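Reading through the C-alpha coordinates given below for one structure.
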Amino acid sequence: MTPSRPTSNTDAPAPAPSSGRIINLRGLLSGPRFWIGSLALLVALYAGRGLLQERRSQGQQPQDTSVAITYDAYSNGVTTTLYDIDGNIEYTLVAEEQIHYLDNTTLLTNPNVRLYPGTGSQWNIVARSGRILAAEQSDRIVQLDLSDEVELFQNDDTGNVMTLATSFLSLFPNTETMQTNREVLMTTNTLRQTAIGMHADLQQDTLTFFTQVKGRYEVHSSQP
(Lines give C-alpha, C1' and ligand atoms only; values in the text may rest on other atoms or scores of the structure.)
Protein backbone atom coordinates (compact mmCIF):
# COMPACT_ATOMS: atom_id res chain seq x y z
CA MET A 1 0.00 0.00 0.00
CA THR A 2 1.38 3.31 -1.03
CA PRO A 3 1.14 5.91 1.71
CA SER A 4 -0.85 8.91 0.77
CA ARG A 5 0.88 12.23 0.43
CA PRO A 6 0.25 14.50 3.41
CA THR A 7 -1.92 17.50 2.75
CA SER A 8 -0.73 20.99 3.70
CA ASN A 9 -2.85 23.51 5.54
CA THR A 10 -1.68 27.01 4.83
CA ASP A 11 -4.03 28.50 7.44
CA ALA A 12 -2.53 26.58 10.36
CA PRO A 13 0.17 28.42 12.32
CA ALA A 14 3.69 27.12 12.18
CA PRO A 15 4.74 25.15 15.21
CA ALA A 16 6.83 27.05 17.74
CA PRO A 17 10.44 25.95 18.14
CA SER A 18 11.14 23.60 20.98
CA SER A 19 13.51 26.06 22.57
CA GLY A 20 13.82 29.85 22.77
CA ARG A 21 11.27 32.55 23.30
CA ILE A 22 9.32 34.61 20.78
CA ILE A 23 9.01 38.27 21.82
CA ASN A 24 6.11 40.28 20.55
CA LEU A 25 7.69 43.72 19.94
CA ARG A 26 4.38 45.41 19.33
CA GLY A 27 3.04 44.16 22.62
CA LEU A 28 6.22 45.06 24.42
CA LEU A 29 6.25 48.64 23.13
CA SER A 30 2.57 49.21 23.80
CA GLY A 31 1.95 47.22 26.97
CA PRO A 32 2.17 48.31 30.64
CA ARG A 33 5.67 46.82 31.00
CA PHE A 34 6.96 49.30 28.47
CA TRP A 35 5.68 52.29 30.44
CA ILE A 36 6.94 50.94 33.75
CA GLY A 37 10.37 50.29 32.26
CA SER A 38 10.46 53.74 30.65
CA LEU A 39 9.55 55.40 33.94
CA ALA A 40 12.31 53.50 35.78
CA LEU A 41 14.82 54.48 33.09
CA LEU A 42 13.90 58.17 33.38
CA VAL A 43 14.26 58.07 37.16
CA ALA A 44 17.70 56.47 36.85
CA LEU A 45 18.80 59.07 34.30
CA TYR A 46 17.75 62.01 36.50
CA ALA A 47 19.37 60.44 39.57
CA GLY A 48 22.62 59.90 37.71
CA ARG A 49 22.55 63.44 36.38
CA GLY A 50 22.05 64.88 39.87
CA LEU A 51 24.90 62.75 41.29
CA LEU A 52 27.21 63.89 38.50
CA GLN A 53 26.40 67.56 39.14
CA GLU A 54 26.98 67.08 42.88
CA ARG A 55 30.41 65.54 42.26
CA ARG A 56 31.31 68.36 39.90
CA SER A 57 30.31 70.98 42.46
CA GLN A 58 32.35 69.22 45.14
CA GLY A 59 35.36 69.12 42.85
CA GLN A 60 35.08 72.83 42.16
CA GLN A 61 34.93 73.77 45.84
CA PRO A 62 38.36 74.62 47.32
CA GLN A 63 39.69 71.99 49.69
CA ASP A 64 40.59 72.89 53.25
CA THR A 65 44.38 72.52 53.34
CA SER A 66 44.91 74.41 56.59
CA VAL A 67 47.14 72.78 59.22
CA ALA A 68 46.47 73.11 62.92
CA ILE A 69 49.07 75.33 64.56
CA THR A 70 50.73 73.53 67.47
CA TYR A 71 53.43 76.06 68.38
CA ASP A 72 53.30 79.70 69.49
CA ALA A 73 56.93 80.89 69.43
CA TYR A 74 60.04 80.47 67.33
CA SER A 75 63.43 82.11 67.70
CA ASN A 76 67.03 81.91 66.51
CA GLY A 77 70.21 82.41 68.50
CA VAL A 78 68.75 81.69 71.95
CA THR A 79 70.69 82.53 75.13
CA THR A 80 69.12 81.90 78.54
CA THR A 81 70.68 82.47 81.97
CA LEU A 82 69.04 81.33 85.20
CA TYR A 83 70.06 82.74 88.61
CA ASP A 84 69.40 81.38 92.08
CA ILE A 85 67.92 83.39 94.98
CA ASP A 86 71.40 84.68 95.91
CA GLY A 87 72.05 86.02 92.42
CA ASN A 88 74.48 83.29 91.44
CA ILE A 89 74.26 81.67 88.00
CA GLU A 90 72.75 78.20 88.12
CA TYR A 91 73.08 77.43 84.43
CA THR A 92 73.15 78.97 80.99
CA LEU A 93 71.49 77.57 77.89
CA VAL A 94 72.48 78.47 74.33
CA ALA A 95 70.87 77.04 71.17
CA GLU A 96 70.85 77.83 67.48
CA GLU A 97 67.04 77.82 67.38
CA GLN A 98 64.08 76.88 69.52
CA ILE A 99 60.39 76.17 68.92
CA HIS A 100 57.93 76.49 71.79
CA TYR A 101 54.80 74.33 71.49
CA LEU A 102 51.36 74.78 73.00
CA ASP A 103 51.86 71.80 75.34
CA ASN A 104 54.60 73.86 77.08
CA THR A 105 57.48 71.89 75.58
CA THR A 106 60.37 73.41 73.63
CA LEU A 107 62.54 71.80 70.97
CA LEU A 108 66.15 72.96 70.66
CA THR A 109 68.70 72.70 67.85
CA ASN A 110 72.34 72.24 68.86
CA PRO A 111 71.88 73.11 72.55
CA ASN A 112 74.82 73.97 74.79
CA VAL A 113 74.28 73.87 78.55
CA ARG A 114 76.74 75.17 81.14
CA LEU A 115 76.08 74.17 84.76
CA TYR A 116 77.43 75.84 87.91
CA PRO A 117 76.55 73.47 90.80
CA GLY A 118 78.59 75.41 93.34
CA THR A 119 81.03 72.57 94.09
CA GLY A 120 83.98 74.20 92.38
CA SER A 121 83.53 72.14 89.20
CA GLN A 122 81.86 73.22 85.99
CA TRP A 123 79.86 71.07 83.56
CA ASN A 124 79.43 71.77 79.86
CA ILE A 125 76.94 69.69 77.86
CA VAL A 126 76.48 69.77 74.09
CA ALA A 127 74.10 67.81 71.85
CA ARG A 128 72.50 67.89 68.44
CA SER A 129 68.95 68.31 69.72
CA GLY A 130 67.08 68.90 72.96
CA ARG A 131 63.58 68.94 74.41
CA ILE A 132 62.57 71.09 77.38
CA LEU A 133 59.72 70.20 79.73
CA ALA A 134 58.80 73.34 81.65
CA ALA A 135 56.71 73.80 84.78
CA GLU A 136 53.02 74.52 84.35
CA GLN A 137 52.98 77.91 86.06
CA SER A 138 56.53 79.08 85.28
CA ASP A 139 59.26 78.92 82.69
CA ARG A 140 61.68 77.01 84.90
CA ILE A 141 63.00 73.87 83.26
CA VAL A 142 61.77 70.74 84.98
CA GLN A 143 63.53 68.33 82.64
CA LEU A 144 65.84 68.77 79.67
CA ASP A 145 66.24 65.76 77.40
CA LEU A 146 69.34 65.88 75.22
CA SER A 147 69.87 63.47 72.33
CA ASP A 148 72.14 62.75 69.37
CA GLU A 149 75.87 62.92 70.10
CA VAL A 150 75.57 64.08 73.71
CA GLU A 151 78.91 65.03 75.28
CA LEU A 152 79.64 66.24 78.81
CA PHE A 153 82.83 68.00 79.86
CA GLN A 154 83.81 68.64 83.46
CA ASN A 155 86.66 70.89 84.56
CA ASP A 156 87.65 70.99 88.22
CA ASP A 157 89.85 73.44 90.12
CA THR A 158 92.99 71.37 89.54
CA GLY A 159 92.59 71.41 85.76
CA ASN A 160 91.54 67.79 85.39
CA VAL A 161 89.16 67.14 82.48
CA MET A 162 86.56 64.38 82.31
CA THR A 163 84.45 63.61 79.26
CA LEU A 164 81.21 61.62 79.09
CA ALA A 165 79.66 60.58 75.78
CA THR A 166 76.22 59.01 75.27
CA SER A 167 73.27 59.08 72.87
CA PHE A 168 70.64 60.35 75.33
CA LEU A 169 70.69 62.22 78.65
CA SER A 170 68.03 63.70 80.93
CA LEU A 171 68.99 66.74 83.01
CA PHE A 172 66.96 67.83 86.06
CA PRO A 173 68.05 71.37 87.04
CA ASN A 174 65.91 71.55 90.19
CA THR A 175 67.69 68.62 91.79
CA GLU A 176 70.97 69.13 89.90
CA THR A 177 71.02 65.54 88.70
CA MET A 178 71.49 63.82 85.34
CA GLN A 179 70.55 60.34 84.24
CA THR A 180 70.63 58.00 81.24
CA ASN A 181 69.92 54.33 80.57
CA ARG A 182 72.03 54.26 77.40
CA GLU A 183 75.64 53.27 76.93
CA VAL A 184 78.12 55.75 78.41
CA LEU A 185 81.79 56.28 77.64
CA MET A 186 83.84 58.13 80.26
CA THR A 187 87.40 59.24 79.65
CA THR A 188 89.80 61.09 81.93
CA ASN A 189 93.52 61.74 81.88
CA THR A 190 94.14 58.23 83.19
CA LEU A 191 90.90 56.23 82.79
CA ARG A 192 88.70 54.96 79.98
CA GLN A 193 85.44 53.36 81.11
CA THR A 194 82.20 52.13 79.54
CA ALA A 195 78.87 51.25 81.17
CA ILE A 196 75.16 50.89 80.54
CA GLY A 197 73.24 53.56 82.45
CA MET A 198 74.49 56.34 84.70
CA HIS A 199 73.27 58.72 87.39
CA ALA A 200 75.10 61.94 88.23
CA ASP A 201 74.59 64.01 91.39
CA LEU A 202 76.13 67.42 90.74
CA GLN A 203 75.68 68.61 94.31
CA GLN A 204 77.66 65.67 95.65
CA ASP A 205 79.91 65.61 92.56
CA THR A 206 79.41 61.86 92.18
CA LEU A 207 78.78 59.51 89.28
CA THR A 208 77.06 56.13 89.62
CA PHE A 209 77.30 53.63 86.77
CA PHE A 210 74.64 50.92 86.60
CA THR A 211 75.62 47.76 84.71
CA GLN A 212 78.28 46.26 82.45
CA VAL A 213 80.97 48.54 83.84
CA LYS A 214 84.28 48.03 82.07
CA GLY A 215 87.37 50.21 82.28
CA ARG A 216 91.11 50.40 82.04
CA TYR A 217 93.72 52.81 83.30
CA GLU A 218 95.94 54.55 80.83
CA VAL A 219 99.10 55.97 82.37
CA HIS A 220 101.01 58.26 80.06
CA SER A 221 104.74 57.98 80.42
CA SER A 222 106.73 61.18 80.82
CA GLN A 223 109.74 59.66 79.05
CA PRO A 224 110.05 60.19 75.29
Side-chain angles (χ1 to χ4, degrees), residues 76-98 105-135 138-223:
N76 286 323
V78 181
T79 301
T80 302
T81 303
L82 185 67
Y83 298 88
D84 59 17
I85 57 176
D86 298 326
N88 300 316
I89 299 177
E90 289 187 3
Y91 64 84
T92 61
L93 173 61
V94 179
E96 289 186 3
E97 64 178 14
Q98 71 173 7
T105 61
T106 303
L107 295 185
L108 304 172
T109 302
N110 293 330
N112 187 332
V113 184
R114 181 169 295 178
L115 304 171
Y116 301 88
T119 58
S121 60
Q122 178 178 309
W123 289 85
N124 295 327
I125 310 174
V126 296
R128 293 293 185 183
S129 60
R131 180 172 178 264
I132 296 176
L133 282 73
S138 68
D139 294 332
R140 290 187 63 90
I141 297 176
V142 176
Q143 179 177 339
L144 171 58
D145 292 334
L146 301 169
S147 57
D148 300 332
E149 300 181 12
V150 183
E151 291 185 327
L152 300 84
F153 307 92
Q154 184 197 41
N155 301 320
D156 59 16
D157 296 336
T158 62
N160 294 322
V161 179
M162 180 184 65
T163 303
L164 291 171
T166 185
S167 61
F168 181 85
L169 179 74
S170 293
L171 169 64
F172 305 92
N174 292 338
T175 58
E176 295 187 353
T177 58
M178 297 181 293
Q179 185 168 320
T180 181
N181 58 0
R182 307 287 180 85
E183 183 179 0
V184 179
L185 171 62
M186 181 187 71
T187 57
T188 66
N189 296 337
T190 58
L191 177 64
R192 178 182 176 89
Q193 178 175 291
T194 60
I196 304 297
M198 179 209 69
H199 180 271
D201 189 332
L202 305 183
Q203 293 179 348
Q204 301 296 326
D205 201 16
T206 59
L207 295 175
T208 302
F209 298 94
F210 296 156
T211 61
Q212 302 183 28
V213 181
K214 300 177 182 179
R216 68 175 185 267
Y217 285 94
E218 297 178 350
V219 179
H220 299 281
S221 176
S222 60
Q223 297 180 358

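Computed over heavy atoms, backbone and side chain alike; hydrogens, waters and symmetry mates excluded. Numbers for residues simply follow the sequence, beginning at 1. Nothing here was measured: the structure is a model prediction, and the numbers come from that model.
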Practice item. Quick one: pull up CD in Gln154 and CG in Asn124 and give me the separation to the nearest 0.5 Å. Key: 10.0 Å

Practice item. Starting from the C-alpha separation in whole Å, work towards a yes-or-no answer on side chain to side chain contact (heavy atoms under 4.5 Å, CB included) for Val78 and Leu108. Key: CA-CA 9 Å; Val78 181; Leu108 304 172; 5.8 Å; no

**Study point:** Test side chain to side chain contact (heavy atoms under 4.5 Å, CB included) applied to Leu171 and Leu115, step by step
**Key:** CA-CA 10 Å; Leu171 169 64; Leu115 304 171; 4.0 Å; yes

Exercise for review: Mind running side chain to side chain contact (heavy atoms under 4.5 Å, CB included) on Thr177 and His199 for me, showing each step along the way?
Suggested key: CA-CA 7 Å; Thr177 58; His199 180 271; 4.0 Å; yes

Review point. Does the side chain of Asp145 come under 3.5 Å of the side chain of Ser170 through a donor N or O and an acceptor N or O?
Key: yes

Exercise for review: Look up atom CZ in Phe209 and atom CD1 in Ile196, then write down how far apart they are to the nearest 0.5 Å.
Suggested key: 11.5 Å

Exercise for review: Could you grab the distance from atom OH of Tyr91 to atom CG of Leu82, nearest 0.5 Å is fine?
Suggested key: 4.5 Å

Review point. Looking at Thr163 and Phe153, what are the two nearest heavy atoms and their distance?
Key: OG1-CD2, 3.6 Å

Point to revise | Close side-chain approach of Leu146 and Pro111, heavy atoms under 4.5 Å | key: yes

Exercise for review: Quick one: pull up OG1 in Thr166 and CE in Met186 and give me the separation to the nearest 0.5 Å.
Suggested key: 13.5 Å

Revision key, fill the gap. With Leu93 as partner, the option from Thr79, Val113, Ile125 fulfilling side-chain contact (heavy atoms from CB on, under 4.5 Å) is Val113

Check your understanding: If you measure only the distance, is there a donor-acceptor pair under 3.5 Å linking the side chains of Glu97 and Thr109?
Key -> yes

Review point. If you round to the nearest 0.5 Å, how far is OG1 of Thr175 from CE of Met178?
Key: 10.5 Å

Check your understanding: Atom CE of Met198 and atom CZ of Phe210: how far apart are they, to the nearest 0.5 Å?
Key -> 8.0 Å

Exercise for review: Determine, stepwise, if the pair Met162 / Leu207 fulfils side chain to side chain contact (heavy atoms under 4.5 Å, CB included).
Suggested key: CA-CA 12 Å; Met162 180 184 65; Leu207 295 175; 3.5 Å; yes

